[in-house]
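This report concerns only the one structure given below.
Residue numbers begin at 1 in each chain, while the letters A, B, ... track the order of the sequences. The basis for the numbers below is simple: all heavy atoms, side chains too, and nothing from hydrogens, waters or symmetry mates. Predicted, not measured: the structure shown is a model, and the values here were computed from it.
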There are 2 protein chains.
Amino acid sequence: MDLRHISFRLLEVFMSVVKTGSISETARRLHLTQPTVSLQIKRLQEAVGEPLLLMQQQKLHVTDAGLELFKTCQQVFGHFDDYQDFLTELNGGARGRCKIAMVNTAQYILPKLLGPYSNLHPHVELPLEIGNRAEVLDRFERGEDDIYVFSHPPSLESAQAARFLHNPLEFIVPLNHPLAHVKAVKLTDLMQYRFLLRENGSATRMLFESELQSRGLVLSDSVQMASNEAIRVAVASGMGIAVLSRHVLATDDTSFKILNVTDTHLASHWYFVMRTDRHISHAARNFLKFAQQHVEQYLGTQWVRNELHNLDLN
Amino acid sequence: MDLRHISFRLLEVFMSVVKTGSISETARRLHLTQPTVSLQIKRLQEAVGEPLLLMQQQKLHVTDAGLELFKTCQQVFGHFDDYQDFLTELNGGARGRCKIAMVNTAQYILPKLLGPYSNLHPHVELPLEIGNRAEVLDRFERGEDDIYVFSHPPSLESAQAARFLHNPLEFIVPLNHPLAHVKAVKLTDLMQYRFLLRENGSATRMLFESELQSRGLVLSDSVQMASNEAIRVAVASGMGIAVLSRHVLATDDTSFKILNVTDTHLASHWYFVMRTDRHISHAARNFLKFAQQHVEQYLGTQWVRNELHNLDLN
DNA sequence: ATCAGATATAGATATTTATCTATAACTAAC
DNA sequence: GTTAGTTATAGATAAATATCTATATCTGAT
């Protein structure tokens with residue numbers, strides 16, 4: 001049997017002949033001429049090296065080899081049908097994988113969107129990568145994921161980004177801090193205190209430092225800490241003061257005090273970022289469409305800035 | 001997914017690329033050039049309508065759709081491997097069907113050959129048809145079976161026949177018959193008795209009657225009976241005398257007496273007959289080869305006339 | 001004896017396919 | 001920064017394939 005000379009078309013025709021028991025009838029059904037079907041069968045028999053159909057008393061008779069081939073074909077086409085179903089699901093976004101890499105701070109808000117999406121499409125894998133800005137940027141450079149979440153998206157021509165959430169920063173102090181009960185403070189009032197900061201390159205820190213620089217201010221003392229939680233807890237226990245994303249602070253957390261800094265309103269936005277030079281999985285596209293439609297529903301209208309319609313998802 | 005534009009070759013190449021993880025390596029293994037393999041993969045992806053392999057950081061990465069297709073291919077090729085095994089068995093004569101139609105008398109001798117053959121090839125189906133000469137001839141005309149057993153083969157150009165067994169006829173009489181103890185009798189001595197005969201057209205009867213005619217003899221009385229057993233039993237019980245194939249008479253059967261007719265030696269031969277205008281199954285060929293080699297072993301050397309080497313079994 | 005319907009064969013053709021060579025573009029390693 | 005090894009693309013060609021039309025042959029029914 002020489003598989004190289006057998007095409008799926010040939011097998012389709014053969015199956016039809018076995019089913020109808022007639023070459024002419026098959027020709028009619030498949031919109032071919034009778035000689036075409038005759039020839040196909042002949043070629044198939046040559047490729048198999050064994051008679052598959054015999055003319056006996058004006059009737060087509062399927063040989064053992066023919067019957068077995070028919071069964072084989074049924075199985076084979078069955079597998080391809082299954083595969084087609086798989087592709088259909090993949091295309092509909094109901095199956096597949098959507099790898100998302102996000103910076104630390106995003107982990108407080110993105111799960112509110114991922115949870116409902118995952119419930120809607122339980123067959124979609126959603127592996128998450130969380131790292132600091134430098135790490136996520138690295139992954140982005142190598143194109144390791146489908147979607148990236150930044151608050152300062154890298155400006156690369158082979159990338160498209162769209163913001164979806166406002167990210168206001170707040171100044172927090174310990175409850176027993178001298179400024180804790182001051183109604184209105186100014187940025188300069190804070191310079192004398194020790195600041196707890198994230199590592200260099202973090203979006204929050206970049207924003208803060210650029211503000212300081214533009215106003216010619218300099219911190220008197222600062223300590224670097226690896227995570228937002230560490231900073232929050234450290235502030236609560238009196239180690240210093242800090243500037244943190246609003247989303248990192250639970251509204252009912254009373255272990256620190258949020259200052260009302262009247263002359264400074266630091267804020268950035270969260271962006272979904274995709275590389276345009278890399279294949280985007282259907283699942284990823286689908287997730288972004290979902291986000292576009294439901295971001296207000298799951299993240300609340302207060303902070304949402306839904307510009308996801310700017311993304312080209314086709 | 002458009003199966004029409006997918007060939008088994010394409011899938012083979014794809015599988016090799018997935019296995020080796022490299023287009024160039026596949027090209028080397030399959031004795032192709034690298035652009036050929038590149039193009040094949042590209043074409044396959046177009047036919048599937050989905051990326052199957054991605055270049056990521058200088059590494060080939062198999063997508064979900066690609067992995068699933070790979071699994072599908074494994075199944076599909078598995079089925080064709082099974083089918084190839086089936087064909088191999090079929091070709092070796094170890095599997096398949098060998099339909100044999102034989103005239104009544106042959107059923108006393110052919111099973112001695114069929115038994116051992118069936119033990120050797122338990123997967124070969126051996127449907128037997130037994131009928132009188134007219135019935136078997138009918139089947140032969142319509143080509144319903146692979147092999148026919150006649151003692152007077154039809155002479156058709158689209159048939160080949162070869163004899164394998166001598167078929168001597170014997171005259172039998174009841175134990176209490178006047179001739180039962182006569183040492184030597186002549187054919188004319190028998191004419192006065194009632195003969196029990198098979199139906200018109202039976203080889204035994206044809207042979208006997210043609211002998212009578214050539215010697216100008218006429219039976220005084222005859223009765224027609226449907227089977228050899230019926231005749232044998234009827235003779236034993238005194239209804240008349242008969243002429244029967246030696247093979248029908250068990251050597252230890254003492255319920256009748258075999259006459260020594262000195263002036264008449266009737267005999268024919270058994271023939272295996274095949275149509276040359278019909279496909280002969282491998283199993284049938286194989287059985288005839290087996291018969292050619294083992295007929296003496298299983299039917300004894302006394303009556304065997306092995307001329308099966310005259311058959312063209314290729 | 002003719003007809004209708006089946007399959008088979010021959011001859012023709014446009015399309016598709018498999019394959020090559022040459023070349024470009026990228027990257028890792030030396 | 002040259003080299004060696006990847007994959008991708010373009011252009012060319014010979015072979016194979018899918019079809020068709022026309023025709024032959026057979027058979028069963030009218």
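Neither OP1 nor OP2 of D/dT6 sits under 4.0 Å from any side-chain N or O of B/Ser22. When the side-chain nitrogen and oxygen atoms of A/Ser7 are compared with OP1 and OP2 of D/dT17, none of them lie within a distance under 4.0 Å. At D/dT17, none of the side-chain N or O atoms of A/Gln40 fall inside 4.0 Å of OP1 or OP2 (strictly under the cut-off). Look at A/Thr33 and you'll find a side-chain N or O under 4.0 angstrom from OP1 or OP2 of D/dC20. A/Ser38 has no side-chain polar atom (N or O) that falls below the 4.0 Å cut-off from OP1 or OP2 of C/dT9. Checking the phosphate oxygens (OP1, OP2) of C/dT17, no side-chain nitrogen or oxygen of A/Arg9 falls inside 4.0 Å.
Between the CD1 atom of B/Ile23 and the C1' atom of C/dC26 there is a distance of 14 Å, rounded to whole Å. The separation between B/Leu10 atom CG and D/dT17 atom C1' is 15 Å, rounded to whole Å. For the pair B/Lys59 NZ and D/dT6 P, the interatomic distance rounds to 11 Å; values are reported in whole Å. Whole-Å rounding puts the A/Leu3 CG to C/dT17 P distance at 18 Å. Distance CD1 (B/Ile41) to C1' (C/dT17): 15 Å, rounded to an integer number of Å. Across the protein-nucleic acid pair, B/Leu54 atom CG and D/dA8 atom P stand 10 Å apart, rounded to whole Å. Summarising the geometry, the separation between CG on B/Leu44 and C1' on C/dT16 is reported as 16 Å, rounded to the nearest angstrom. Remark: P of C/dT7 and NE2 of A/His61 are 16 Å apart, rounded to the nearest angstrom.
Nearest-nucleotide positions on DNA chain C place A/Thr36 closer to the 5' end than the other of A/Arg4 and A/Thr36.
Salt-bridge annotation for A/Arg29 and A/Glu25: present, with a side-chain N of the basic residue lying under 4.0 Å from a carboxylate O of the acidic one.
Nearest nucleotide to the side chain of A/Leu39, out of D/dT19, C/dA10, C/dT21: D/dT19. The side chain of A/Ser24 lies closest to C/dT7, out of C/dT7, D/dT19, D/dT21. Here C/dA6 is the nucleotide among D/dT17, C/dA22, C/dA6 with the atom lying nearest to any side-chain atom of A/Arg28.
For D/dA8, the base has a donor-acceptor partner in the side chain of B/Gln34 [N/O atoms by modelled type, under 3.5 angstrom].
At least one side-chain heavy atom of A/Leu30 sits under 4.5 Å from a side-chain heavy atom of A/Val13.
When heavy atoms are screened at a 4.0 angstrom cut-off, B/Leu32 is found touching the sugar-phosphate backbone but no base atom.
Distance CG/B/Leu53 to CG/B/Leu67: 10.5 Å, rounded to 0.5 Å.
B/Tyr148 does not carry B/Arg139 over the face of its six-membered ring by the limits of under 6.0 Å from the centre and within 45° of the normal. Both tests do not hold together for B/Arg4 against A/Phe8: distance to the six-membered ring centre under 6.0 Å, angle to the ring axis within 45°.
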